[in-house]
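Lettering of chains follows the sequences in order, A, B, ..., and the numbering in each one begins at 1. Hydrogens, waters and symmetry mates play no part in the numbers below; they use all other heavy atoms, side chains included.
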Number of protein chains: 2
Amino acid sequence: MRDCHKWGQKFQNYGLRLTISREAILEVLINTDKHLSAEDIFMAVHSNNPAIGLTTIYRTLELLKQTGIVTKFEFGHGKAKYELTEEYSKKKHHHHLICKKCRKVVDYTDFIMEEKEYINKAATGMQNKFGFDIDTHIIHFYGICPECKAE
Amino acid sequence: MRDCHKWGQKFQNYGLRLTISREAILEVLINTDKHLSAEDIFMAVHSNNPAIGLTTIYRTLELLKQTGIVTKFEFGHGKAKYELTEEYSKKKHHHHLICKKCRKVVDYTDFIMEEKEYINKAATGMQNKFGFDIDTHIIHFYGICPECKAE
DNA sequence: TCTGATAATGAAAACCATTATCATTTTGTA
DNA sequence: TACAAAATGATAATGGTTTTCATTATCAGA
């Protein structure tokens, strides 16, 4: 990687330090296209940096969430999953497709224009109706994946 | 109430019994327009039926979820919330608007046609692309409510 | 109505992801 | 280099949810 300028900057602005642990965690997040739990990240980091504890993973993820670098998702299966926000990720804007049986999560990137249209209308509507300022939305689709269907 | 035929039927089909506890829990769910946690339901049930324990609440909610009578939501603040599915509820199809500060949840029912259009396209797309059978989706909007903004 | 098989229940303990505590180490800066 | 602030790891605590297990309620058939 060695491309931490963007975060380095962000960390500075928040008075935070860019430490080995934090770099290692970011590196894991950058080099995956999966949806990792804190424990997944812990194990990935652990292979190179056995000294980094699970507590630090959680703390750092919380920090990264607060600075808008990662998003935390709860798919409803106990463990939360984390991924880089659009601004910091190579991934396109996407939603999640979750298999109710095996809990696999797949990204879905089509029909973004249609989605934007709907979301904008809805967000404006809510602004007017309730005075809520909307800044994020999530869309999850639940179903059964082909592998589980085949069983 | 005394209008349990629909569930009574459903319970029968699954070889389940329609007990006092289950009726009491359903009654609470019917007579609210809020998003209740297991504990909320426990407390509501407890006033009339002090003998019913929290374990039964959890077990029953899981059962109701499996039979498609209630939906479980995880808004990401610890406790899961439950509400009747559309088929069994007086509520219209709606989505959730969640205040990130005070965690209030508000229902939002507008722009359903636009939503349907987008969701149908997306669901069909996913069917074709991944072979996933989609049967539910959730849309959550996150923001700051007017009360929290005022503070 | 009784009876036995099965399902449902409550209390308590177990679970397990996440958070808080606190003493120690690391970091950036004077 | 020295010092204050931030970061860390090990451990304990938290808290919502599940399991366990002995007891009780329910239903179908005799």
Counting any heavy atom closer than 4.0 Å, what does A/Ser37 reach on the DNA or RNA strands: base, sugar-phosphate only, or nothing? nothing
Nearest-angstrom distance from the residue atom [atom1] of [X] to [atom2] of [N]:
X: B/Leu18; N: D/dA25; atom1: CG; atom2: C1'; result: 14 Å
X: A/Ile57; N: D/dG9; atom1: CD1; atom2: P; result: 8 Å
X: A/Ile25; N: D/dG9; atom1: CD1; atom2: C1'; result: 13 Å
X: B/Glu23; N: C/dA8; atom1: CD; atom2: P; result: 14 Å
X: B/Tyr58; N: C/dC16; atom1: OH; atom2: C1'; result: 14 Å
X: B/Leu36; N: D/dG16; atom1: CG; atom2: P; result: 15 Å
X: A/Glu74; N: D/dT17; atom1: CD; atom2: P; result: 11 Å
X: A/Glu62; N: C/dT18; atom1: CD; atom2: P; result: 12 Å

Give every residue pair that meets the salt bridge (charged side-chain N to carboxylate O under 4.0 Å, His left out) criterion with at least one member in residues 131-147 of chain A, sequence neighbours excluded. A/Lys104-A/Glu147, A/Asp133-B/Lys149, A/Asp135-B/Lys100
Any pair with a residue in residues 35-60 of chain A that passes salt bridge (charged side-chain N to carboxylate O under 4.0 Å, His left out), sequence neighbours left out, goes on the list, sorted by first then second residue, please. A/Glu39-A/Lys79
Could you write out each protein N or O paired with an N or O of nucleotides 13-15 of chain C at a distance under 3.5 Å?
none

On DNA chain D, more 5' by nearest nucleotide between B/Gly78 and B/Arg17 is B/Gly78
Of B/Ala38 and A/Arg22, whose nearest nucleotide on DNA chain D comes first from the 5' end? A/Arg22
Could I get the full list of side chain to side chain contact (heavy atoms under 4.5 Å, CB included) partners for [X], not counting sequence neighbours?
X: A/Phe73; value: A/Thr71, A/Phe75, A/Glu83, A/His96, A/Ile138, A/His140
X: A/Lys34; value: A/Thr32, A/Leu36
X: B/Glu117; value: none

For a quick test of reading the model, state the closest non-hydrogen atom pair linking A/Arg17 to A/Arg22 and the distance between them. O-NH1, 2.8 Å
Does A/His77 have any ring pair (Phe, Tyr, Trp, His ring centres under 6.0 Å) partners at least two apart in sequence or in another chain, and if so, which? none
Between the protein and nucleotides 19-24 of chain D, list the N/O to N/O atom pairs that are separated by less than 3.5 angstrom.
none

Under the salt bridge (charged side-chain N to carboxylate O under 4.0 Å, His left out) test, residues paired with B/Glu62 that sit two or more places apart: B/Lys65
Along DNA chain C (nearest heavy atom to each residue), the more 5'-positioned of B/Thr19 and A/Thr19: B/Thr19
Can a side chain N or O of A/Thr56 be found less than 4.0 Å away from OP1 or OP2 on D/dT8? no
Strictly distance-based, threshold 3.5 Å: is any side-chain N or O of A/Ser89 a donor or acceptor partner for the main-chain N or O of A/Leu84? no
